[in-house]
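Below is one structure, written out as C-alpha cells; comments come after it.
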Number of protein chains: 2
Amino acid sequence: MDSKEILQQHIAKTASLTDDQFDYFFSHFKPQSFKKGQTIIGAGDKVDCEYFVISGCLKAFFINDEIKMYILQFAMPTWWTSDYTALYNQTPATINVDCITDVELLCLSNGDREKLCEEFHQVEHFFRWRTNKGYIASQKRLLSFMNNNVKIRYEELLALYPQLYNLVPKHLIAAYLGVSRETLSRLYNP
Amino acid sequence: MDSKEILQQHIAKTASLTDDQFDYFFSHFKPQSFKKGQTIIGAGDKVDCEYFVISGCLKAFFINDEIKMYILQFAMPTWWTSDYTALYNQTPATINVDCITDVELLCLSNGDREKLCEEFHQVEHFFRWRTNKGYIASQKRLLSFMNNNVKIRYEELLALYPQLYNLVPKHLIAAYLGVSRETLSRLYNP
DNA sequence: TTGGTTACGTGATGTAGATCACAATATTTT
DNA sequence: AAAATATTGTGATCTACATCACGTAACCAA
C-alpha cells in the first residue's frame, strides 16, 4: 500500500471526502524520507510542518539542561507528530523530533492545514477529532503519571504498544516513562 | 455581563458567527446553577454534557482506590470542563467534577455539539481550536511533571493562576500538583 | 580484525517526597 | 455560642527512585 492510500484510509475513518477532494487534499503533502538517527526538528528551529508517519518510528522529546531526555511521544505509522506548541504559536521549537529507525513521512505545512480546514468542512472535522483523541490520550497519560508507579506505567505502555519492546532501546522507554534506565532495568531483573 | 454575552465574546475570539447564528447556537445551551460542594459528574455516571463555566470554580478529579485524589483541572470562568473520555466514548465516568465554590454553568450536550459542528463550519473551527489549546496545555503539564520538582511546579501553577492561592484550599493545590499536602505545606514553611 | 560507541546490568549510597501521628486553627452547622 | 468538621502545620520515619560507579556484551565503521 502506498503512502497516498495509507493517508486516505486514515482520513476516511473520521471524514468523508470524494476522491477528487482527497486528491486535492493529498497534493499539499510532501513525501520525505529520513535515515535512522536523523533530526527532523531540533530545539530552536522554526517549525513549519507537522508530519504523518508512513513507516518507521520517531521520537518527540525534550532535553533538560542539555542532560536529561524526556520522550513525549513515540510516533508510529499513521500517527502525527510535530512540536505543536511551536507550530501553532510560531515560536522556536522546544521539542526535538528525530528518527529511531529509517522513516517515510508526509509533511503538511501549518499554512496548508489551515487553508484546507477552511476550504473543506470535513477536513476541519478530521483535525478536530484527531486533536481530540490526542487530548484524551494526553490526559490519560498525565493521570497515570500521578497515580501509578513505574512498574504499572511500564506494563501499561507495553500492553498498548507491544512492538516497542523490540523496536526501541530500553533507555528510550525509560525516557518515556520518566525514570532512569537503571530503575527500569531493575524492574524486570529483580 | 450575562452568560450569553460571556459565551459570545469567548467564541468570537476564534470563530465568526452572525448574531442570528449565535442566537441559534446559544439556544442549545442550558443554564445551570450549583452550590459549593455539589457534584456535577460522579464516577460511574453516564456523561451527556460538557460545561462552560460562567462564574465560580470547579475541579475535575480522579479518585484512586477510594483514597487519593488527583486533580486534572481547575475550571474557572470561560473554561470548559467534563469527563471527555466518557463523553466522547459514551462510557461511564471515571472522572468526577464538583464545585469548589457556587457556580453558574452553561451545559451543552454531546449530541448538540456534534450537530452544531456539522451545521456550522465555524463552530467546528471553534471546537478544533479549543481542543487544540487544551492538548498543548496538557502536553506542557506532562512535561513539567516529568522535568520539574514540586516546588517549581507549584510556582508555575501560581504564576499561571494567582487567584487559586486564595480561592482553593491548599490540599487541593497539592492534589493538582500530585504531592501530599504535607509536602506542599513544607515548601512554603521550611 | 580492531577500536569505538551504544546498550544493558548491578551494587552502593543519597534524597525527595510519602506516610503516620498529633496538634492547632478556621470555618460551618446547629 | 457550642459542637462538629475542614484546613493547616510539623516532627519522625520509611521508601521508591536517582545518582554514581563500574563491568560486560552487542553493534558498527574503518
Side-chain angles (χ1 to χ4, degrees), chain A residues 35-39 57 59 61-71 74 96 98-102 143-158 163-190, chain B residues 34-39 56-57 59 61-71 74 96 98-102 143-158 163-190:
Chain A
K35 290 285 168 196
K36 177 177 175 171
Q38 278 193 281
T39 296
C57 181
K59 62 178 193 285
F61 61 103
F62 174 79
I63 300 253
N64 143 340
D65 306 327
E66 313 293 318
I67 293 180
K68 275 203 238 172
M69 171 177 69
Y70 296 102
I71 293 181
F74 291 114
N96 305 268
D98 64 34
C99 304
I100 295 178
T101 65
D102 292 356
L143 205 52
S144 180
F145 229 94
M146 295 202 273
N147 192 26
N148 301 131
N149 63 21
V150 192
K151 179 157 195 173
I152 295 176
R153 300 207 305 278
Y154 177 62
E155 284 159 2
E156 267 180 9
L157 178 65
L158 288 190
Q163 334 83 292
L164 281 183
Y165 188 84
N166 293 310
L167 189 61
V168 314
K170 303 284 172 288
H171 74 269
L172 293 185
I173 292 183
Y176 180 92
L177 296 173
V179 290
S180 68
R181 55 165 204 87
E182 292 95 329
T183 296
L184 181 62
S185 168
R186 280 186 259 260
L187 274 187
Y188 45 81
N189 299 298
Chain B
F34 293 90
K35 289 283 166 196
K36 177 175 176 173
Q38 276 193 282
T39 297
C57 180
K59 61 179 193 286
F61 61 103
F62 173 79
I63 299 253
N64 143 341
D65 307 326
E66 315 292 318
I67 295 179
K68 276 201 237 170
M69 173 176 69
Y70 297 103
I71 294 180
F74 290 114
N96 304 267
D98 64 35
C99 305
I100 294 178
T101 65
D102 292 356
L143 205 52
S144 179
F145 229 95
M146 296 202 275
N147 192 26
N148 301 131
N149 63 21
V150 192
K151 179 155 196 171
I152 295 175
R153 299 207 305 278
Y154 177 62
E155 284 160 2
E156 268 180 9
L157 178 65
L158 288 191
Q163 334 84 292
L164 281 181
Y165 188 83
N166 293 312
L167 189 61
V168 314
K170 302 283 170 290
H171 73 271
L172 293 185
I173 292 183
Y176 180 93
L177 296 173
V179 290
S180 68
R181 57 166 202 85
E182 293 95 331
T183 296
L184 181 62
S185 168
R186 279 186 259 260
L187 275 186
Y188 45 83
N189 298 300

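Throughout, a chain's letter reflects where its sequence line sits, starting with A, and its residues are numbered from 1.
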Could you check whether A/Lys36 pairs with A/Asp102 (Lys NZ or Arg NE/NH1/NH2 to Asp/Glu carboxylate O, under 4.0 Å)?
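No, this pair does not count.
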CG/B/Asn64 to OH/B/Tyr70 distance, rounded to the nearest 0.5 angstrom?
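Rounded to the nearest 0.5 Å, the CG-OH separation comes to 5.0 Å.
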Between [X] (side chain only) and [Y] (backbone N and O only), is there a donor and an acceptor less than 3.5 Å apart?
{"X": "A/Asn148", "Y": "A/Lys151", "answer": "no"}
{"X": "A/Asn149", "Y": "A/Ile152", "answer": "yes"}
{"X": "B/Thr101", "Y": "B/Gly56", "answer": "no"}

For nucleotides 8-18 of chain D, 5' to 3', base contacts (B), sugar-phosphate-only contacts (S) and non-contacts (-) with protein non-hydrogen atoms under 4.0 Å give BBBBB----SB
Can you give one letter per nucleotide of nucleotides 25-30 of chain C, going 5' to 3': B for a protein heavy atom under 4.0 Å from the base, S for sugar-phosphate only, - for none?
---S--
Provide, to the nearest angstrom, the distance between the [atom1] atom belonging to [X] and the [atom2] atom belonging to [N].
{"X": "A/Met146", "N": "C/dG17", "atom1": "CE", "atom2": "P", "value": "15 Å"}
{"X": "B/Asp98", "N": "D/dA6", "atom1": "CG", "atom2": "P", "value": "13 Å"}
{"X": "A/Ile173", "N": "C/dT6", "atom1": "CD1", "atom2": "C1'", "value": "16 Å"}

Under the side-chain hydrogen bond (donor to acceptor under 3.5 Å, both in side chains) rule, collect the residues that match up with A/Glu156, sequence neighbours excluded.
A/Ser144
Please list, chain by chain and in numerical order, all residues satisfying side-chain hydrogen bond (donor to acceptor under 3.5 Å, both in side chains) with A/Asn96, sequence neighbours excluded.
none
Identify each donor-acceptor pair in which a side-chain atom of residues 177-190 of chain B lies under 3.5 Å from a protein atom, sequence neighbours left out, and give them as a table.
| residue | atom | partner | partner atom | Å |
| --- | --- | --- | --- | --- |
| B/Ser180 | OG | B/Thr183 | N | 3.2 |
| B/Ser180 | OG | B/Thr183 | OG1 | 3.0 |
| B/Asn189 | ND2 | B/Ser185 | O | 3.1 |

Side-chain contact, heavy-atom cut-off 4.5 Å: B/Met146 with A/Phe145?
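Of all side-chain heavy-atom pairs linking A/Phe145 with B/Met146, at least one is under 4.5 Å.
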Does the side chain of B/Phe74 reach to within under 4.5 Å of the side chain of B/Leu172, using non-hydrogen atoms?
yes
If you fit an axis to the five pairs at each end of the helix from C/dT1-D/dA30 to C/dT30-D/dA1, how big is the angle between those two axes, to 10 degrees?
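Between the axes fitted at each end of the helix from C/dT1-D/dA30 to C/dT30-D/dA1 lies an angle of 60°.
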